[in-house]
Amino acid sequence: SITALADLRGISWSPDGLTAYLSGNSPEGVSRLVIASWPTLEIKGLVDLPGTSRANRSIVSQDGRVIYVMAEGLIYKLDNSGKTVVATFSPTGSLKSDYAAGTLSADGRYLFATGKAAGEDSTLYIIDLTNESLVKTVKHISDTATGIQRVE
């Protein structure tokens with residue numbers, strides 16, 4: 001069993017289906033991404049996510065080289081080969097925003113993230129991943145949007 005997480009908030013898989021990426025918080029309250037073999041769940045790596053009190057859902061790029069973790073205040077970009085955080089960004093610019101879920105465009109260029117700033121309804125943020133810039137904001141999509149999925 002995965003004892004590295006007490007609060008599992010998200011799971012995603014590598015393109016070949018052999019690796020699971022589990023995001024959430026440790027028993028000590030540390031936000032982290034657990035990298036585990038699938039289906040045995042043998043832990044292959046732990047990546048702590050500093051600067052947030054809650055990690056939410058994770059997303060894997062189509063080529064499996066990049067993992068994004070939605071979190072409270074930040075979106076984390078991790079390089080799968082190095083298992084390290086390579087960038088963080090916050091579309092609202094506020095560490096009080098909570099990014100719950102996300103999905104990637106078919107070509108992998110855009111990240112569609114749902115988030116909620118303090119005192120506001122949930123918003124959809126469209127982010128250009130070539131430079132992590134905010135392209136568009138769609139406000140008030142719901143009181144609390146905790147999921148999003150691309151359909152082809």
Side-chain angles (χ1 to χ4, degrees), residues 1-118 122-137 145-150:
S1 70
I2 298 289
T3 57
L5 292 176
D7 180 22
L8 177 64
R9 309 282 298 183
I11 185 169
S12 55
W13 281 267
S14 61
D16 63 9
L18 298 176
T19 303
Y21 302 93
L22 303 105
S23 48
N25 284 11
S26 73
E28 302 79 30
V30 175
S31 296
R32 69 171 40 138
L33 180 73
V34 175
I35 303 167
S37 60
W38 183 259
T40 64
L41 290 180
E42 177 185 336
I43 295 176
K44 296 168 30 175
L46 300 173
V47 182
D48 289 345
L49 305 171
T52 186
S53 61
R54 183 176 58 240
N56 293 314
R57 300 225 171 106
S58 60
I59 305 160
V60 180
S61 64
Q62 289 179 337
D63 62 8
R65 292 175 33 193
V66 178
I67 303 156
Y68 296 94
V69 180
M70 308 295 111
E72 184 176 59
L74 295 165
I75 297 172
Y76 293 80
K77 177 181 178 181
L78 294 94
D79 178 346
N80 185 32
S81 63
K83 297 181 177 75
T84 58
V85 176
V86 295
T88 60
F89 48 98
S90 177
T92 66
S94 170
L95 294 180
K96 294 183 180 182
S97 296
D98 191 18
Y99 305 103
T103 193
L104 296 169
S105 61
D107 64 3
R109 179 175 176 180
Y110 298 98
L111 171 64
F112 300 87
T114 61
K116 185 172 182 172
S122 288
T123 300
L124 174 67
Y125 300 97
I126 303 171
I127 302 152
D128 185 337
L129 294 174
T130 60
N131 57 10
E132 282 97 29
S133 67
L134 183 61
V135 174
K136 185 170 179 130
T137 301
T146 58
I148 184 170
Q149 181 176 358
R150 175 176 49 86

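Residues that satisfy the side chain to side chain contact (heavy atoms under 4.5 Å, CB included) test with Leu46, not counting sequence neighbours, are Ala4, Arg32, Val34, Ile43. Judged as a side chain to side chain contact (heavy atoms under 4.5 Å, CB included), and not counting sequence neighbours, the contacts of Asp79 are Ser81, Val86. For Ser61, the side chain to side chain contact (heavy atoms under 4.5 Å, CB included) test picks out Asp63, Val66, Leu104, with sequence neighbours left out. Every residue meeting the side chain to side chain contact (heavy atoms under 4.5 Å, CB included) condition with Lys96, not counting sequence neighbours, appears here in chain and number order: Ser94.
For the pair Ala36 and Leu22, the tightest heavy-atom approach, listed with the atom from each and the gap, is CB-CD1, 4.1 Å. Across every non-hydrogen atom of Val60 and Pro15, the tightest pair is CG1-CD, 4.2 Å. Residues Ser31 and Asn25 approach most closely at OG-OD1, 3.0 Å, considering heavy atoms. Smallest separation of non-hydrogen atoms from Ile126 and Leu134: O-CD1, 3.5 Å. The shortest heavy-atom contact between Ser23 and Arg57 is OG-C, 3.7 Å.
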Give the intermediate values and the outcome of side-chain contact (heavy atoms from CB on, under 4.5 Å) for residues Leu111 and Tyr99. CA-CA 12 Å; Leu111 171 64; Tyr99 305 103; over 6 Å; no
For Phe89 and Leu129, what are the C-alpha separation, side-chain angles and deciding distance, and is it a side-chain contact (heavy atoms from CB on, under 4.5 Å)? CA-CA 10 Å; Phe89 48 98; Leu129 294 174; 4.1 Å; yes
Report the C-alpha separation of Ser58 and Ser12 in whole Å, then their side-chain angles, then the decisive distance to 0.1 Å, and conclude whether the side-chain hydrogen bond (donor to acceptor under 3.5 Å, both in side chains) test is met. CA-CA 6 Å; Ser58 60; Ser12 55; 2.9 Å; yes
Stepwise side-chain contact (heavy atoms from CB on, under 4.5 Å) check, Tyr110 with Ile127: CA-CA 5 Å; Tyr110 298 98; Ile127 302 152; over 6 Å; no
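Annotation: side-chain hydrogen bond (donor to acceptor under 3.5 Å, both in side chains) contacts involving residues 69-78, sequence neighbours excluded, comprise Ser53-Glu72. Here ring pair (Phe, Tyr, Trp, His ring centres under 6.0 Å) pairs that include residues 13-44, with residues two or more places apart or in two chains, are Trp13-Trp38.
Residues Leu33 and Lys83 have side chains not in contact (no heavy-atom distance under 4.5 Å, counting atoms from C-beta outward).
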